[in-house]
Amino acid sequence: MPAITLPDGAVRSFERSVTGTQVAEAIGPGLARVALAMEVDGELRDLASEIDHDAHLRFITRRDPEALGMIRHDAAHVLAEAVQELWPGTQVTIGPAIENGFYYDFYRNAPFTPEDFPAIEAKMREIIARNAGFEREVWPRADAIAFFEARGERFKAELIRDLPESESISIYRQGEWLDLCRGPHMRSTGDVGGAFKLMKVAGAYWRGDHRNPMLTRIYATAWRDDKELAAHLHQLEEAERRDHRRIGREMDLFHIQEEAVGQIFWHPKGWRLYSTLIDYMRRAQIRGGYEEVRTPQLVDRSLWEASGHWDKYREHMFIATVEDEDKTLALKPMNCPCHVQIFRHGLRSYRELPWRMAEFGACHRYEPSGALHGIMRVRGFVQDDAHIFCTEAQIAPETARFVAMLAETYRDLGFDSFRVKFADRPEQRAGDDATWDRAEAALIEACRLAGVDYEHNPGEGAFYGPKLEFVLRDAIGRDWQCGTLQVDYVLPERLDASYIGEDSARHRPVMLHRAVLGSFERFLGILIEHYAGRFPLWLAPVQVVVASIVTDAEPYAQEVAARLRASGLAVEVDGRNEKINAKIREHSLARVPVILVVGRKEAEARTVAMRRLGGEAQTVFGLDEAGAALIAEALPPDLRRLSAA
RNA sequence: GCUGCUGUAGCUCAGUGGUAGAGCACUCCCUUGGUAAGGGAGAGGUCGUGAGUUCAAUCCUCACCAGCAGCACCA
């Protein structure tokens with residue numbers, strides 16, 4: 001005789017085991033109408049499942065966060081049924097709920113195309129209108145395998161075979177159609193509602209393994225109601241509007257062409273942005289006690305063999321040879337082995353540790369063609385890379401110091417918060433387990449001392465050591481992993497780095513590989529999308545345009561520009577034979593933060609009419625006053641702090 | 001790399017088995033206009049590359065290159 005405790009503390013007792021539906025009905029018809037599923041002692045279950053013991057119960061309605069996942073999961077079943085009704089013989093595989101929606105992978109000879117979407121969506125709406133109940137059944141394993149094999153569903157049969165013996169094989173029916181599924185589901189297909197949309201087709205490997213057959217995947221988005229759906233579609237438009245490839249073209253920042261695939265031609269404005277960021281990072285590193293170095297681009301393969309990269313990453317390295325010499329060199333794919341060479345050059349003392357060695361290291365990696373993406377994923381890039389050579393005891397304070405630097409940098413660049421993930425040993429790795437134990441323990445301890453809260457990211461560490469990943473969130477809520485800090489006991493060993501300790505014996509230093517931005521190229525892509533190209537004044541590639549109204553005012557416009565340029569501002573003059581309206585429009589579309597309009601009046605009074613990007617108001621300032629204000633505003637945030645202090 | 005789609009003027013795109021068009025941008029002329037597009041004229045393309053089919057290919061076929069989306073990858 002189960003006693004059911006509800007979230008408000010009320011207890012309802014029943015004579016015998018009851019279903020969630022019965023409990024809901026006992027409480028009231030209103031609840032029975034809106035309850036989609038339930039949570040019993042923390043576990044999400046079908047409303048139709050029976051409760052035979054005392055339990056805490058919470059009903060899930062459309063408003064609850066859990067509902068979204070269920071809508072998507074149920075919609076995936078509806079999609080699968082629709083496809084099989086339309087194209088019998090198509091094999092079903094899996095169809096999970098994902099962020100913003102769901103997908104379903106099918107196996108068939110011809111892939112789907114977006115032209116199929118209207119028919120599929122119509123069939124889905126038909127199935128939803130039928131409102132068939134989801135009914136759970138538990139089948140003997142052998143029957144389930146036989147059933148799916150008889151239907152030619154070899155992927156489903158394989159899934160069942162691979163389920164652990166202990167797991168019961170549950171099948172969900174919806175009308176005539178059924179599928180292997182762990183559940184839970186809502187009451188019936190009608191609960192899916194109408195707020196879904198098929199989005200795109202794509203190939204995907206069976207079980208995510210590139211050796212397996214390619215399936216055809218249909219992506220869809222699904223929401224509680226049409227309003228949420230519309231909001232999501234709007235968000236996608238927003239992301240497209242911010243696409244750094246589009247903005248890069250519109251703002252004339254960079255381009256890419258076939259002769260240098262995966263590498264960037266930075267135009268003057270883009271390079272200004274790039275160098276502003278480098279300058280900022282260089283100052284941050286100086287304040288942080290780093291020493292900057294520069295190491296060779298082309299390095300003999302012997303060094304890569306010694307470091308272990310030749311074995312593991314050779315096919316991703318650009319190899320260079322020369323005709324007269326029997327040597328094989330590689331364009332460096334990263335900087336660490338070179339930094340170890342500097343460390344090794346001479347006898348090092350414990351007194352020199354920690355040694356923070358930084359390089360804006362230009363690296364080249366032969367990334368797979370399908371991975372390339374604008375300036376975000378490229379084959380030639382520059383890292384804000386540094387290696388901290390230190391003792392084991394210094395790992396914790398150095399981690400704390402690094403996190404502080406990273407937090408300040410992200411804030412200065414306009415990102416309010418970041419998360420930290422702790423990635424531990426991957427399956428393929430260098431170094432023995434005892435070393436990994438120490439490295440992971442040291443990093444966890446460092447987090448504790450630095451007061452860093454982290455999420456666990458199992459198996460995602462670098463091949464030579466565990467790492468912290470720093471993930472920031474942009475203006476439209478997308479996450480980007482940028483910063484990293486990796487503990488490495490392996491490379492100093494392999495490349496034989498050592499220092500003389502207090503005891504006058506040789507010791508191995510630990511290396512901390514760390515980056516705040518990651519690669520400048522990728523980070524600039526993120527920054528462009530974060531600001532949608534509307535940068536704060538200090539970052540803007542063109543900070544001020546002085547636009548003349550009449551030709552007579554052009555000499556004065558030139559004078560204003562020269563004045564501001566002398567203070568280091570990036571200023572352009574627009575003295576073209578165009579109306580002021582056209583000039584305002586063009587420079588606004590080009591996302592120039594400040595337009596100074598000068599006509600006869602301003603030239604005479606030695607003033608400027610200032611107009612801010614996005615604003616409609618103009619304010620007239622004296623030339624000196626405007627100059628001083630803009631120069632102050634264009635000061636990078638770190639320099640502003642210094643001048644304020 | 002894999003699957004699918006795409007490649008026509010600087011950009012966005014239309015179009016045809018008989019060697020091509022629009023808008024914006026560009027150049028020149030008129031216009032000197034006060035805060036998001038003033039008017040006119042002109043120039044600009046071996047239709048991604050190579051091969052094949054055809055009397056004839058930008059269009060059809062194949063291969064390659066590049067881009068896009070997803071997957072896989074990301075030291």
Side-chain angles (χ1 to χ4, degrees), chain A residues 103 105 110-114 199-219 243 245-246 249-250 252 255-262 304 307-317 332-337 363 365-374 376-379 381 383 385 426 428-430 460-465 467 481 484 486 488 490-491 513 518-519 522 547-554 576-590 595-602 609-618:
Chain A
Y103 65 79
D105 287 346
F112 297 101
T113 73
M199 299 300 284
K200 52 192 163 197
V201 292
Y205 300 110
W206 168 236
R207 299 189 149 178
D209 188 325
H210 67 274
R211 288 164 303 199
N212 286 339
M214 180 66 78
L215 307 170
T216 171
R217 172 176 297 181
I218 296 179
Y219 277 95
D243 190 312
R245 293 165 298 187
R246 170 211 283 266
R249 191 169 51 235
E250 287 173 358
D252 194 19
H255 85 270
I256 306 172
Q257 65 187 48
E258 281 196 30
E259 289 78 1
V261 171
W304 305 112
S307 70
H309 292 100
W310 189 263
D311 261 359
K312 197 165 159 46
Y313 292 110
R314 185 176 31 201
E315 63 278 24
H316 298 292
M317 290 162 70
K332 67 174 171 186
M334 78 277 284
N335 309 297
C336 19
C363 296
R365 296 178 185 174
Y366 185 72
E367 300 285 1
S369 57
L372 301 175
H373 180 78
M376 299 255 212
R377 189 81 184 271
V378 290
R379 289 179 175 162
F381 55 94
Q383 296 175 310
D385 197 14
Q428 280 204 10
R429 56 180 180 261
E460 293 295 319
F463 80 96
Y464 48 72
K467 62 183 178 187
Q481 197 231 297
T484 180
Q486 306 167 7
D488 185 359
V490 175
L491 202 60
H513 307 243
S519 101
R522 178 162 177 274
S548 58
I549 294 175
V550 291
T551 310
D552 288 352
E554 206 193 323
R576 288 175 308 157
N577 176 11
E578 278 297 344
K579 295 204 171 189
I580 192 64
N581 283 310
K583 295 185 183 182
I584 296 286
R585 178 180 150 82
E586 281 181 34
H587 301 301
S588 299
L589 288 174
I595 300 174
L596 299 180
V597 175
V598 297
R600 288 206 181 87
K601 274 191 304 199
E602 286 77 11
M610 190 185 295
R611 181 193 170 109
R612 296 282 181 165
L613 178 58
E616 284 180 16
Q618 311 104 47

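Basis for what follows: all heavy atoms, side chains included, without hydrogens, waters or symmetry-related copies. A note on names: the letters A, B, ... follow the listed sequences, proteins ahead of strands, and every chain is numbered from 1.
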Roughly how many Å is it from [atom1] in [X] to [atom2] in [N], rounded to a whole number?
X	N	atom1	atom2	result
Arg249(A)	G67(B)	CZ	C1'	11 Å
Met199(A)	C68(B)	CE	P	19 Å
Arg314(A)	A75(B)	CZ	P	18 Å

With rounding to the nearest 0.5 Å, note down the distance linking [atom1] in [X] to [atom2] in [Y].
X	Y	atom1	atom2	answer
Phe112(A)	Ile218(A)	CZ	CD1	4.5 Å
Met214(A)	Asp105(A)	CE	CG	10.0 Å
Arg600(A)	Ile549(A)	CZ	CD1	9.5 Å

So does [X] reach the base of [N] with its side chain, donor to acceptor, closer than 3.5 Å?
X	N	result
Glu602(A)	G34(B)	yes
Arg217(A)	C71(B)	no
Arg211(A)	C2(B)	no
Tyr366(A)	G1(B)	no

**Stepwise side-chain contact (heavy atoms from CB on, under 4.5 Å) test for Cys336(A) and Gln486(A)** = CA-CA 12 Å; Cys336(A) 19; Gln486(A) 306 167 7; over 6 Å; no

On a whole-Å scale, what distance lies between the [atom1] atoms belonging to [N] and [M]?
N	M	atom1	value
G50(B)	A22(B)	C1'	31 Å
G48(B)	U8(B)	C1'	10 Å
A43(B)	G17(B)	C1'	30 Å
C13(B)	G7(B)	P	10 Å
G52(B)	C11(B)	C1'	34 Å
G4(B)	A72(B)	C1'	15 Å
C2(B)	U46(B)	P	32 Å
U16(B)	C73(B)	C1'	42 Å

Could you tell me whether the phosphate oxygens of [N], OP1 or OP2, come under 4.0 Å of any side-chain nitrogen or oxygen in [X]?
X	N	result
Arg611(A)	A36(B)	yes
Arg576(A)	U32(B)	no
Asn581(A)	A36(B)	yes
Arg246(A)	U12(B)	no

Scan [X] against the nucleic acid and name what it touches under 4.0 Å (heavy atoms): base, sugar-phosphate only, or nothing.
X	answer
Ala617(A)	nothing
Val201(A)	nothing
Ile580(A)	sugar-phosphate
Ile256(A)	nothing
His316(A)	base
Arg379(A)	nothing
Tyr219(A)	sugar-phosphate

**Request:** Select from Gly374(A) and Thr551(A) the residue whose nearest nucleotide in RNA chain B is closer to the 5' end of that strand.
**Result:**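 Whichever sits nearer the 5' end wins; that is Thr551(A).
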
**Fill in**
By nearest-heavy-atom nucleotide on RNA chain B, the more 5' of Gly203(A) and Ile595(A) is Ile595(A)

**Request:** May I ask you to check whether Phe463(A) and His309(A) place their ring centers less than 6.0 Å from one another?
**Result:**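 Yes - the distance between ring centres of Phe463(A) and His309(A) falls below the 6.0 Å cut-off.
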
**Request:** Return the stacking result for A75(B) and Tyr313(A): yes when the ring centres lie under 5.5 Å apart and the planes under 30°, no otherwise.
**Result:** yes

Applying a 3.5 Å limit to both distances, which nucleotide forms a Watson-Crick or G-U wobble pair with [N]?
N	result
A43(B)	none
C74(B)	none
A69(B)	U3(B)
A37(B)	none
A51(B)	U61(B)
G23(B)	C11(B)

